[in-house]
Each structure stands twice: as structure tokens, then as C-alpha cells.
Amino acid sequence: MKEYLVYVESFVVIVLVLFGIGGFSYHLFRDNGWVEAVAGNLWDVSVQYPLIALPVIVAAVFLGRRWNDARVAHGRTTSLPDYFIYALMVAGVVFIGRYFWLGYF
């Protein structure tokens, strides 16, 4: 019986994570989605204020590289990946609920 419950729990976690990833992907890449909105806003900022956008992009790349180097040097000592999976599970519940409640993601 315990193996059955572990199997069901694993199945539910996988389904929720897949629905979370699917919902995020849908909202990111659809017409007028999040990527299009952000890219449009970034394009407007870089065209209107290029002297502000350039240092922000350079700083983001620099900080991203420092974070990645520190993460690789120290190994996995945090529970951040677990929180990421939990966030995807919560997003899966939200997207499933929105689908059944409103009829769309």
C-alpha cells in the first residue's frame, strides 16, 4: 500500500510540474504573451534611452556570471531547486484551476 501511495504522489508531482511548465510556456510564447510584452518594452527602453539600457545589460551579464561562478564553486548547498519545483507545482495548480474555472489557461 505504501508503494502505491508513493507512486500516486510522484505522479501528482510530475503532472503538476508539467502543467506549471506548460502554463508558463503558453503565457510566454503566445501572441501578445509575456516575452513579446517584455521584448517590446525593452526595445522601447533601448531605443528611447540607450545610455541607460547599456549599463543595465552589462550589469545583468556581470552579475549573472558572478552568481554562476559562485554556485559552481560551492556546489549545491541550498534548497533553492526544491523551492523552484514547489513553485512550478503551485503554478500547475493555478493553471489547472483557471482552466476548469474560466475555461482557458
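Values in this document were obtained by computation on a predicted structure and should not be read as measured data.
Counting Ile, Leu, Val, Met, Phe, Trp and Tyr side chains that sit under 4.5 Å apart, directly or through other members, Met1 stands alone, with no cluster partners. Applying the 4.5 Å side-chain rule to ILVMFWY residues, one finds that Val6 remains a lone member of its cluster.
When hydrophobic clusters are built by joining Ile, Leu, Val, Met, Phe, Trp and Tyr residues whose side-chain heavy atoms come closer than 4.5 Å, directly or via intermediates, Val13 is grouped together with Val8. Both Phe100 and Phe19 belong to a single network of hydrophobic side chains, linked directly or stepwise wherever heavy atoms of I, L, V, M, F, W or Y lie under 4.5 Å apart. In the hydrophobic cluster analysis, where Ile, Leu, Val, Met, Phe, Trp and Tyr join through side-chain heavy atoms closer than 4.5 angstrom, Val94 is grouped apart from Tyr26. A continuous path of hydrophobic side-chain contacts links Ile21 to Ile96 [ILVMFWY only; heavy atoms under 4.5 Å].
A search for side-chain contact (heavy atoms from CB on, under 4.5 Å) contacts involving Ile85 returns Val17, Met89, not counting sequence neighbours. Tyr83 is linked by a side-chain contact (heavy atoms from CB on, under 4.5 Å) to Ser79, Tyr86, counting only residues two or more places apart in sequence or in another chain. Under the side-chain contact (heavy atoms from CB on, under 4.5 Å) criterion, Val93 pairs with Leu16, sequence neighbours left out.
In this pair, Phe24 and Phe95 present their aromatic rings perpendicular. The plane angle is above 60°, beyond the 30 to 60° band.
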